Asker: 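Quick one: the structure is below, questions incoming.
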Amino acid sequence: MNVKISLPDGSVREYPQGVKGSEIASSISEGLARVALAIEVNGEVRDLARPIDQDASVKILTWNDKGGKSTFWHSSAHLLAEALEALYPGVKFGIGPAIDNGFYYDVDLGDRPFGEEDLAAIEAKMKELAKKENIYSRRDVSKAEAMEFFTKKGDEYKTELITDLKDGSITFYEQGNFTDLCKGPHIPNTGFIKAVKLLNVAGAYWRGNEKNKMLKRIYGITFPKQKELEEYLHVLEEAKKRDHRKLGKELELFAFSEKVGMGLPLWLPKGTILRERLEQFLRKAQVRAGYDPVVTPHIGSKSLYVTSGHYEKYGKDSFQPIHTPDEGEEFLLKPMNCPHHCEIYKTKPRSYRDLPVRLAEFGTVYRYEQSGELHGLTRVRGFTQDDAHIFCRPDQVKEEFIKVIDLVLLVFRSLGFENYTAQVSLRDPENKVKYIGEDHLWERAEREIQEAADERGLQTVAVQGEAAFYGPKLDFMVKDALGRSWQLGTIQVDYQLPQRFELEYVGSDNQKHRPVMIHRAPFGSLERFVAVLIEHCAGNFPLWLAPDQIAVLPISERFNDYAKLVYDKLKEQDIRGILDDRDEKIGRKIRDAETKKIPYMLIVGEKEVAEEKVAVRKHGQGDQGSVLLEEFIGKFRTECAAPN
RNA sequence: GCCGAGAUAGCUCAGGGGUAGAGCAUCCCGCUCGUAACGGGAAGGUCGUGGGUUCAAUUCCCAUUCUCGGCUCCA
């Protein structure tokens with residue numbers, strides 16, 4: 001009997017029943033068979049060696065497929081385990097999955113001291129074992145048999161896992177001398193793994209539960225070609241160079257002080273310019289889009305947050321209330337701007353004609369993040385949101401959403417983030433009780449968010465169960481220059497706060513109605529955004545943002561007067577920059593300006609003085625030749641205008 | 001918060017039971033210079049903080065703070 005196999009190109013071929021993925025691959029082309037790692041059968045990734053008994057649509061997976069990569073890395077985790085077992089007899093294993101970039105294995109090495117120094121030896125062992133081209137073979141085992149195997153081995157983690165599995169659906173995979181509980185799939189043999197790098201070791205709780213024992217998690221990555229590993233390591237190195245914590249220090253953008261407190265960034269003068277430029281840019285765009293700027297205090301009465309519900313949900317895990325000398329007064333550091341904005345909404349009765357009301361504030365909020373979670377500017381305890389709340393009628397949600405999407409995209413485009421996607425976060429349909437708000441409003445809002453995203457041509461993924469408890473949301477992810485994804489802006493629909501604050505408007509029917517609230521922040525937080533921007537452009541900010549746009553460099557002290565004249569002329573035009581009149585050689589001055597990543601250098605010497613010119617040098621590009629100073633200023637002013 | 005590693009000059013880092021060292025930055029002197037580091041000199045450190053062991057601690061031990069790598073969490 002034959003089975004009909006349909007291929008991704010739409011063609012259908014017949015094969016004898018029980019045909020293997022590897023045979024299908026060979027029948028398509030020998031080249032494909034050589035690089036085939038796994039096969040997707042009706043959407044499920046499987047081993048190439050597993051027989052196919054029924055009609056199916058299949059796709060041969062290679063390194064270029066996501067499923068191929070994850071299979072490859074999962075198999076690499078097994079190879080790591082095999083190497084560990086060879087080098088550390090008696091080692092116990094937790095889990096070893098593939099992750100976005102590589103794989104890890106959680107292991108219990110007992111009391112043995114173990115650190116990153118040990119990784120090289122394991123790596124060598126892995127390479128040695130890989131060369132053997134051991135086959136990953138799958139075998140069904142009964143629960144009892146599986147239990148017996150790991151009990152005998154003394155691996156209590158595996159036996160715990162087996163306890164939770166159903167008899168009849170348990171499989172082992174074996175390669176070389178290593179056997180693991182695993183549902184697969186795997187690549188055909190270890191020989192595909194040509195390049196191995198173990199990256200780091202970290203603690204990880206067994207099953208992610210802090211009550212459990214902490215295992216050692218060994219992270220690694222592998223590739224089918226040595227060259228690909230080298231490229232990957234190069235990207236890692238590049239990422240290190242671009243680390244915003246490093247550049248933030250070098251370029252004097254921000255700093256932290258133990259005395260001020262962890263997670264509380266200090267913005268230095270140059271960083272402040274950057275930040276304020278971003279603020280001004282968005283402020284302008286928001287005024288154009290019909291937002292009203294507001295300002296609210298950094299603290300608020302505890303009762304404000306009791307009303308909003310934040311106190312109940314986060315109060316205990318937050319900065320503790322501030323007490324005044326007078327009894328009974330309690331204030332909280334503002335963790336959110338929305339309660340304040342709700343109170344602004346309530347300062348006067350609102351008509352349906354007034355809506356939407358859009359209140360915007362660069363509001364600094366304070367949240368008690370766990371100490372281990374703090375990280376540069378991306379995770380801090382005090383940060384400024386480019387926050388705004390749109391109070392609108394239910395029938396305006398979609399239109400407002402579209403407007404917000406436009407604003408977010410303007411921000412991304414203006415800052416050079418060309419690659420972005422969006423996640424539509426929906427309710428968990430199985431568990432509607434978790435959420436607040438009427439069913440029909442949710443359904444409508446979820447539909448309208450999706451429609452709004454589609455109308456603007458956004459590439460979206462919908463994820464169920466990811467909504468906030470108060471409403472569905474749209475989260476934006478950007479890819480930076482190194483291909484890393486960051487979550488930035490967010491737009492969220494909220495039914496809860498209008499209800500809690502009893503917000504109302506009078507409708508055309510002369511009845512009171514409840515507005516819908518939209519929270520939105522295109523940057524997310526200024527701190528996080530600046531961090532991402534630094535890493536995206538490696539500290540080479542676009543001209544309109546650069547803290548120092550120009551360095552004026554006299555060739556020698558003899559030309560300092562002219563240099564000062566040039567510098568003053570630039571200042572008059574609001575051009576930011578420095579005058580380097582140090583007693584140094586021009587090569588040195590250029591080098592320093594290049595290191596500081598200043599976009600333009602104006603070099604002035606004998607020739608320039610005589611002709612009222614400046615010799616222009618661009619950062620990273622070198623000498624651009626001389627032009628008249630006036631001419632340069634004219635061009636520069638056009639070039640440094642903020643986008644809009 | 002939890003596990004692990006670390007903290008030495010403004011920065012990057014070396015050293016190690018007998019009260020510290022380099023390069024860069026800083027300051028001074030000389031040079032007056034044409035597109036990525038001019039030469040010489042000086043100054044600069046309670047070796048994160050607090051305890052303990054020791055004749056002696058920056059070094060060993062304990063605690064603590066902060067930083068880093070993860071885990072967990074994230075309005």
Side-chain angles (χ1 to χ4, degrees), chain A residues 94 104 106 113-117 199-219 240 243 245-246 249-250 252 255-264 305 308-315 317-318 334-339 365-376 378-381 383 385 387 468-471 473 487 490 492 494 496-497 519 521 551 553-560 581-596 601-608 615-626:
Chain A
Y104 65 80
D106 284 347
F114 183 85
E116 310 212 342
E117 322 74 69
L199 297 160
N200 51 13
V201 186
Y205 297 107
W206 169 234
R207 301 193 131 181
N209 185 334
E210 62 182 84
K211 293 195 185 80
N212 288 339
K213 180 160 182 187
M214 180 159 292
L215 307 178
K216 289 226 159 44
R217 176 167 297 178
I218 302 175
Y219 286 91
K240 232 184 202 167
D243 191 318
R245 292 167 300 182
K246 179 173 136 76
K249 192 184 272 184
E250 282 170 10
E252 297 179 13
F256 290 91
S257 149
E258 226 176 278
K259 256 210 162 87
V260 171
M262 56 167 137
L264 299 170
Y305 305 103
S308 72
H310 292 112
Y311 187 78
E312 192 195 351
K313 206 160 160 49
Y314 298 103
D317 307 319
S318 198
K334 173 163 81 173
M336 303 280 295
N337 301 300
C338 26
V365 297
Y366 300 89
R367 298 180 184 176
Y368 182 80
E369 302 290 351
Q370 296 189 63
S371 62
E373 204 41 53
L374 300 173
H375 181 92
T378 58
R379 204 59 196 270
V380 287
R381 285 179 169 173
F383 56 95
Q385 295 179 311
D387 211 357
F469 68 96
Y470 50 75
K473 56 181 183 170
Q487 202 218 299
T490 175
Q492 312 183 349
D494 185 351
Q496 154 141 309
L497 280 187
H519 307 245
L553 312 178
I555 297 270
S556 81
E557 277 179 3
R558 282 167 51 215
F559 314 108
N560 278 359
D581 54 5
R582 288 177 305 169
D583 185 8
E584 290 289 351
K585 288 173 72 172
I586 192 64
R588 173 54 180 277
K589 294 183 185 182
I590 287 170
R591 183 187 150 79
D592 288 348
E594 290 280 358
T595 319
K596 288 184 196 153
M601 281 152 272
L602 300 183
I603 294 151
V604 295
E606 188 130 32
K607 281 181 279 182
E608 287 72 25
V616 179
R617 182 188 165 101
K618 254 186 166 168
H619 169 65
Q621 291 175 36
D623 197 356
Q624 310 284 303
S626 291

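Every heavy atom of this structure was used, including side-chain atoms; hydrogens, water molecules and symmetry mates were not. Being a predicted model, the structure only gives us computed values, none of them experimental.
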Asker: Taking B/U58 as the reference, what is the distance to B/U54 when you measure between their P atoms (whole Å, please)?
Answerer: 16 Å
Asker: Among A/D494, A/D387, A/N337, which residue meets the side chain to side chain donor-acceptor pair (under 3.5 Å) test with A/H519?
Answerer: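 Single pass found, and it is A/D494.
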Asker: Provide the distance between the two P atoms, one in B/C13 and one in B/A75, to the nearest whole Å.
Answerer: 36 Å
Asker: Does atom CD of A/Q621 have more than 12 heavy-atom neighbours from other groups under 6.0 Å away?
Answerer: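 Counting neighbours around CD of A/Q621, more than 12 heavy atoms of other residues, nucleotides or ligands fall under 6.0 Å, so yes.
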Asker: Is A/E250 salt-bridged to A/K596, going by a charged N under 4.0 Å from an acidic O?
Answerer: no
Asker: I need the CG-P distance between A/D243 and B/C68, as an integer number of Å.
Answerer: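 Taking CG of A/D243 and P of B/C68, I get 9 Å after rounding.
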Asker: A/K216 NZ to B/G69 C1': how many Å, rounded?
Answerer: 13 Å
Asker: Using atom P of each nucleotide, how far apart are B/C68 and B/C11 to the nearest Å?
Answerer: 15 Å
Asker: Output yes when a side-chain donor or acceptor of A/R367 lies under 3.5 Å from a complementary backbone atom of A/P335, and no otherwise.
Answerer: yes
Asker: Establish, with yes or no, whether the OP1 or OP2 oxygen of B/A75 is under 4.0 angstrom from a side-chain nitrogen or oxygen of A/Y366.
Answerer: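 For B/A75, neither OP1 nor OP2 has a side-chain N or O of A/Y366 closer than 4.0 Å.
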Asker: Dot-bracket, 5' to 3', for RNA chain B please: Watson-Crick or G-U pairs under 3.5 Å, [ ] where pairs cross earlier ones, | where the partner sits on another strand, dots elsewhere.
Answerer: (((((((..((((....[..)))).(((((.......))))).....(((((..]....))))))))))))....
Asker: Just the rounded figure in Å: distance from P of B/A37 to CD of A/E594.
Answerer: 11 Å
Asker: Taking N and O atoms by type only, does the side chain of A/R588 place a donor or acceptor under 3.5 Å from a partner on the base of B/A37?
Answerer: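 For A/R588, whose side chain was compared with the base of B/A37, there is no donor-acceptor pair (under 3.5 Å).
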Asker: Cationic tip of A/K313 within the cone over A/F469's six-membered ring, i.e. under 6.0 Å and within 45° of the normal?
Answerer: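 Pair A/K313/A/F469 counts as cation-pi.
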Asker: Do any N or O atoms from the side chain of A/S318 and from the backbone of A/G315 form a donor-acceptor pair under 3.5 angstrom?
Answerer: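 No: the side chain of A/S318 does not pair with the backbone of A/G315.
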Asker: With RNA chain B as reference, determine whether A/G605 or A/P335 sits nearer its 5' end, using the nearest nucleotide of each.
Answerer: A/G605
Asker: Answer with base, sugar-phosphate or nothing: what part of the nucleic acid does A/H375 contact at a heavy-atom distance below 4.0 Å?
Answerer: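 Touches sugar-phosphate only.
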Asker: Rounded to whole Å, please give me the gap between NZ in A/K313 and P in B/C73.
Answerer: 13 Å
Asker: Using a heavy-atom cut-off of under 4.0 Å over every strand shown, decide if A/F256 touches base, sugar-phosphate, or nothing.
Answerer: nothing
Asker: Can a side chain N or O of A/Y104 be found less than 4.0 Å away from OP1 or OP2 on B/G70?
Answerer: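 No.
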Asker: State whether A/R245 places a side-chain N or O below 4.0 Å from either non-bridging phosphate oxygen (OP1 or OP2) of B/C68.
Answerer: yes
Asker: Would you mind classifying the nucleic acid contact of A/A593 as base, sugar-phosphate or nothing, using non-hydrogen atoms under 4.0 angstrom?
Answerer: nothing
Asker: I'd like to know if A/E252 reaches the base of B/G10 with its side chain such that a donor and an acceptor end up less than 3.5 angstrom apart.
Answerer: no
Asker: Using whole Å, report how far CG of A/D106 lies from P of B/G4.
Answerer: 16 Å
Asker: Picking from B/U35, B/G70, B/C33, which would you name as closest to the side chain of A/N200?
Answerer: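 My answer, after comparing the listed nucleotides, is B/G70.
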Asker: A/E606 near the nucleic acid: base, sugar-phosphate alone, or nothing, with a heavy-atom cut-off under 4.0 Å?
Answerer: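 Base contact.
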Asker: Check whether any side-chain N or O of A/R245 sits under 3.5 Å from a backbone N or O of A/G376 as a donor-acceptor pair, and report yes or no.
Answerer: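 Such a contact is absent between A/R245 side chain and A/G376 backbone.
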Asker: Under the side-chain hydrogen bond (donor to acceptor under 3.5 Å, both in side chains) rule, what do A/Y305 and A/E312 come out as? Steps first, then yes or no, please.
Answerer: CA-CA 8 Å; A/Y305 305 103; A/E312 192 195 351; over 6 Å; no
Asker: Of the nucleotides B/U35, B/U12, B/C71, which one has an atom closest to the side chain of A/D623?
Answerer: B/U35
Asker: Specify the residue among A/G622 and A/S318 whose closest nucleotide of RNA chain B lies further upstream toward the 5′ end.
Answerer: A/G622
Asker: Say you pick atom P in B/C29 and the same atom in B/G18; how far apart are they, in whole Å?
Answerer: 41 Å
Asker: Could you check whether A/R617 gets within reach of a base, just the sugar-phosphate, or nothing at all, counting any heavy atom under 4.0 Å?
Answerer: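 Contact class for A/R617: base.
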Asker: Under 4.0 Å between a side-chain N/O of A/R367 and OP1 or OP2 of B/C74, yes or no?
Answerer: no
Asker: Could you work out which one of B/C66, B/C71, B/C73 sits closest to the side chain of A/Q370?
Answerer: B/C73
Asker: Counting only distance, no hydrogens or angles, is the base of B/C2 paired donor-acceptor with the side chain of A/Y205 under 3.5 Å?
Answerer: yes
Asker: Expressed in angstrom and rounded to an integer, what is the separation of A/F383 atom CZ from B/A75 atom P?
Answerer: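 Checked: the CZ to P distance equals 10 Å.
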Asker: Quantified in whole Å, what is the C1' atom distance between nucleotide B/A63 and nucleotide B/A7?
Answerer: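 It comes out at 16 Å once rounded to the nearest Å.
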Asker: Which value, in whole Å, describes the distance between the C1' atoms of nucleotides B/A14 and B/G23?
Answerer: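 That atom pair is separated by 11 Å.
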Asker: Looking at B/C33, I'd like to know if its phosphate oxygens (OP1 or OP2) sit under 4.0 Å from a side-chain N or O belonging to A/R558.
Answerer: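 Result: yes.
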Asker: With heavy atoms under 4.0 Å as the rule, sort A/K589 into base, sugar-phosphate or nothing.
Answerer: nothing
Asker: Round to the nearest Å and state the distance from A/K596 atom NZ to B/A36 atom P.
Answerer: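 The answer, rounded to whole Å, is 17 Å.
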Asker: From CD of A/E584 over to C1' of B/U35, roughly how many Å is that when rounded to an integer?
Answerer: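 Rounding to the nearest Å, CD of A/E584 and C1' of B/U35 are 15 Å apart.
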Asker: Taking the side chain of A/K585 as heavy atoms from C-beta outward, which of B/C38, B/G34, B/C71 is closest to it?
Answerer: B/C38
Asker: Measure from the side chain of A/I555, starting at C-beta and using heavy atoms only, and say which of B/U35, B/U32, B/G34 lies closest.
Answerer: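 Looking only at heavy atoms from C-beta outward on A/I555, the closest nucleotide is B/G34.
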Asker: Mind checking if A/I603 touches a base, just sugar-phosphate, or nothing, with heavy atoms under 4.0 Å?
Answerer: base
Asker: For A/Y368, answer base if it contacts any base atom (sugar-phosphate contacts may also be present), sugar-phosphate if it contacts only those atoms, and nothing otherwise; contact means non-hydrogen atoms under 4.0 Å.
Answerer: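 It contacts sugar-phosphate atoms only.
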Asker: State whether A/R379 places a side-chain N or O below 4.0 Å from either non-bridging phosphate oxygen (OP1 or OP2) of B/C74.
Answerer: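 Negative; the distance criterion is not met.
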Asker: Answer yes or no: does a side-chain N or O of A/K213 lie under 4.0 Å from OP1 or OP2 of B/C2?
Answerer: no
Asker: Okay, side chain of A/Q624, backbone of A/A615: is any donor-acceptor separation there less than 3.5 Å?
Answerer: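 No; zero donor-acceptor contacts below 3.5 Å.
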Asker: Could you work out which one of B/C33, B/A36, B/C66 sits closest to the side chain of A/R591?
Answerer: B/A36
Asker: Can you tell me, in whole Å, how much space there is between the P of B/A22 and that of B/G41?
Answerer: 13 Å
Asker: When you get a sec, tell me which of B/G34, B/C71, B/A75 is the closest nucleotide to the side chain of A/A204?
Answerer: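 Of the candidates, B/C71 comes closest.
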Asker: Between A/R217 and A/D106, is there a salt bridge with N-O shorter than 4.0 Å?
Answerer: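 Answer for the salt bridge query: yes.
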Asker: Taking A/K589 for the side chain and A/R582 for the main chain, is one N or O donor matched with an acceptor at less than 3.5 Å?
Answerer: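 Yes: the side chain of A/K589 pairs with the backbone of A/R582.
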Asker: Are any side-chain N or O atoms of A/K213 and backbone N or O atoms of A/Y205, one a donor and one an acceptor, separated by less than 3.5 Å?
Answerer: no
Asker: Would you measure the distance from the C1' atom in B/A9 across to the matching atom in B/U46 and give it in whole Å?
Answerer: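 Pairwise C1' distance, B/A9 against B/U46, rounds to 13 Å.
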Asker: Nearest to the A/E608 side chain among B/G34, B/U35, B/U26, which nucleotide is it?
Answerer: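 That would be B/G34.
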